Amino acid sequence: MKFALSPEHQDFGASIRKLFESGSTTAAVRAWSSGDPAPGRTLIEQLAAAGAFGLTITEEFGGLDAEPLDQVVAFVEIGRAAAPGPLAESAAAVPALLQTLAGTDPEPARRWLPGISEGTVSATVAFTGRGGRAIAVDADRVDLVLVADGDRIGTGRVVGESVRSVDPARRLFTVESDELLAEGPHAAEAVAAAFDAGALANAAQLLGAGKALLDASTDYVKQRKQFGRPIGEFQAVKQKLADVLIGLDLAEPLLYRAALTTATTNRARDTSAAAVACADAAYRAARAALQVHGAIGYTAEYDLSLWLTRVTALRTAWGTPDLHRGRIAEALRAAPAADPAGALT
């Protein structure tokens with residue numbers, strides 16, 4: 001099967017990218033980091049107006065009832081722009097959780113999903129093992145905090161000071177559940193669906209960030225000179241950026257496949273495959289960007305730092321590479337002997 005975007009998907013991605021091309025995105029990221037969320041919220045409102053928050057929400061709950069692939073396309077561009085805020089949580093994970101939960105209790109979905117789709121309700125979610133510490137992104141700036149604790153789902157509240165992240169634009173808070181929404185097997189199913197939806201959106205952001213870093217590096221090596229020549233003419237630099245391009249190109253179809261199998265038994269395996277490939281490709285892009293930019297790449301004042309710190313943080317934000325490789329291995333061991341590759345269904 002060929003994993004390529006349709007012209008419609010390409011046009012949608014271009015429209016989201018154009019939204020970020022005003023030049024105000026980097027300023028919004030820096031403002032978000034310094035305690036001023038207003039410019040970031042303006043961006044979020046524009047994303048909501050473009051439909052990015054209602055893509056996977058059904059029409060019953062005020063959404064567009066689009067495909068997961070549409071959301072992946074949007075999040076690649078969100079990652080390319082390094083847009084601030086709990087976007088994977090609000091647009092992907094929380095809708096997946098509430099809609100799965102609606103199979104037994106539609107009230108929470110009716111209560112919050114229309115607002116999320118419109119951009120008037122922001123949300124975040126914390127995942128934890130039973131009794132473990134729950135950390136949520138931007139929990140002090142959202143309207144809804146959910147805590148997913150194994151087979152228990154509840155609303156949450158902030159109980160401590162912010163936890164330092166390598167990415168200043170990711171403000172982490174310890175939260176605890178204060179109102180139980182659901183408990184039992186169906187809640188566990190909703191938690192699993194939400195985690196995979198968030199991990200897939202996070203993988204898309206990483207791929208987009210990797211693409212942005214490659215573009216920035218390519219532009220820079222054409223301008224920076226050593227020995228009277230642009231450093232992009234040196235074979236070692238060409239080879240390093242070629243390796244980055246290959247990694248991104250190999251990760252992209254895995255991301256699309258995962259978007260196409262969210263409704264199958266291969267969801268967890270394919271999501272983890274995309275998560276590993278996109279994280280590795282983005283991390284390689286970040287390392288290469290830092291090397292070719294030289295000393296200026298280390299400075300926080302230079303915009304490259306926004307993508308470097310974002311990639312570093314997102315690489316483990318939705319599960320470590322070891323966790324995802326373990327899920328892939330478990331799925332392969334459980335695959336039927338007649339279909340060892342787990343064919344797309």
Side-chain angles (χ1 to χ4, degrees), residues 1-26 28-29 40 42-57 63-93 95-96 116-117 119 197-219 244-262 270-271 273-275 277-279 281-282 285 306-307 310-311 314 318:
M1 178 175 286
K2 182 179 179 181
F3 296 104
L5 295 179
S6 67
E8 292 77 15
H9 285 122
Q10 292 174 355
D11 290 343
F12 177 57
S15 69
I16 297 295
R17 189 184 308 181
K18 187 175 181 179
L19 186 152
F20 292 117
E21 286 179 349
S22 65
S24 61
T25 306
T26 54
V29 176
T42 299
L43 277 177
I44 291 171
E45 290 171 2
Q46 292 172 344
L47 276 172
F53 283 83
L55 288 170
T56 56
I57 297 175
L64 300 176
D65 206 6
E67 300 175 352
L69 184 56
D70 295 292
Q71 188 170 75
V72 161
V73 170
F75 268 94
V76 169
E77 299 307 325
I78 287 170
R80 193 193 296 269
L87 302 179
E89 291 78 8
S90 198
I116 290 175
S117 179
L200 182 61
N202 187 70
Q205 285 189 87
L206 282 164
L207 184 71
K211 288 175 178 286
L213 286 164
L214 177 59
D215 289 344
S217 299
T218 302
D219 290 341
V244 171
L245 177 61
I246 290 170
L248 293 169
D249 283 350
L250 290 177
E252 195 163 18
L254 290 175
L255 181 68
Y256 297 157
R257 178 189 172 99
L260 294 172
T261 58
T262 56
D270 291 347
T271 297
C278 291
L306 304 182
W307 281 267
R310 183 63 53 84
V311 166
L314 294 186
W318 287 84

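Because the structure is predicted, anything quoted here is derived from the model rather than measured.
Summarising the geometry of Gly79 relative to Trp307, their closest heavy-atom pair is O-NE1, 3.6 Å, with the distance given to 0.1 Å. Residues Ala258 and Thr262 approach most closely at O-CG2, 3.3 Å, considering heavy atoms. The two atoms that bring Gly63 and Ser117 nearest to each other are CA-OG, 3.7 Å, heavy atoms only. Residue Ala28 comes nearest to Gly40 through the heavy atom pair CB-N, 3.9 Å, listed as atom of the first residue, atom of the second, then distance. The two residues Val72 and Ala259 have their closest heavy-atom pair at CG2-CB, 3.8 Å. Across Leu69 and His9, no two heavy atoms sit closer than the pair CD2-CE1, 3.5 Å.
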Tabulate below the donor-acceptor pairs under 3.5 Å that side-chain atoms of residues 200-217 make, not counting sequence neighbours, or state none.
from: Asn202; atom 1: ND2; to: Leu314; atom 2: O; distance (Å): 3.0
from: Ser217; atom 1: OG; to: Leu213; atom 2: O; distance (Å): 2.8

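Taking the side-chain contact (heavy atoms from CB on, under 4.5 Å) definition, one finds that Pro84 meets it with Val29, Trp32, Leu43, sequence neighbours left out. Listed by chain and number, the residues in a side-chain hydrogen bond (donor to acceptor under 3.5 Å, both in side chains) with Thr56 are Gln71 (sequence neighbours excluded). Under the side-chain contact (heavy atoms from CB on, under 4.5 Å) criterion, Ala48 pairs with Phe53, not counting sequence neighbours. For Ala83, the side-chain contact (heavy atoms from CB on, under 4.5 Å) partners are Phe20, Ile78, Leu87, not counting sequence neighbours.
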Would Leu47 and Ile16 satisfy side chain to side chain contact (heavy atoms under 4.5 Å, CB included), going step by step from the backbone distance to the final call? CA-CA 8 Å; Leu47 276 172; Ile16 297 295; 4.2 Å; yes
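Atoms CZ and CG, from Phe75 and Leu255 in turn, are 11.5 Å apart once rounded to the nearest 0.5 Å. How far OG1 of Thr261 is from CG of Asp270: 3.5 Å, rounded to the nearest 0.5 Å.
The salt bridge (charged side-chain N to carboxylate O under 4.0 Å, His left out) contacts involving residues 5-18 comprise Arg17-Glu77, where partners must be two or more places apart or lie in separate chains. Sorted by first and then second residue, the salt bridge (charged side-chain N to carboxylate O under 4.0 Å, His left out) pairs involving residues 45-57 (not counting sequence neighbours) form an empty list.
At a threshold of 4.5 Å between non-hydrogen side-chain atoms, the residues Thr271 and Trp318 do not count as touching.
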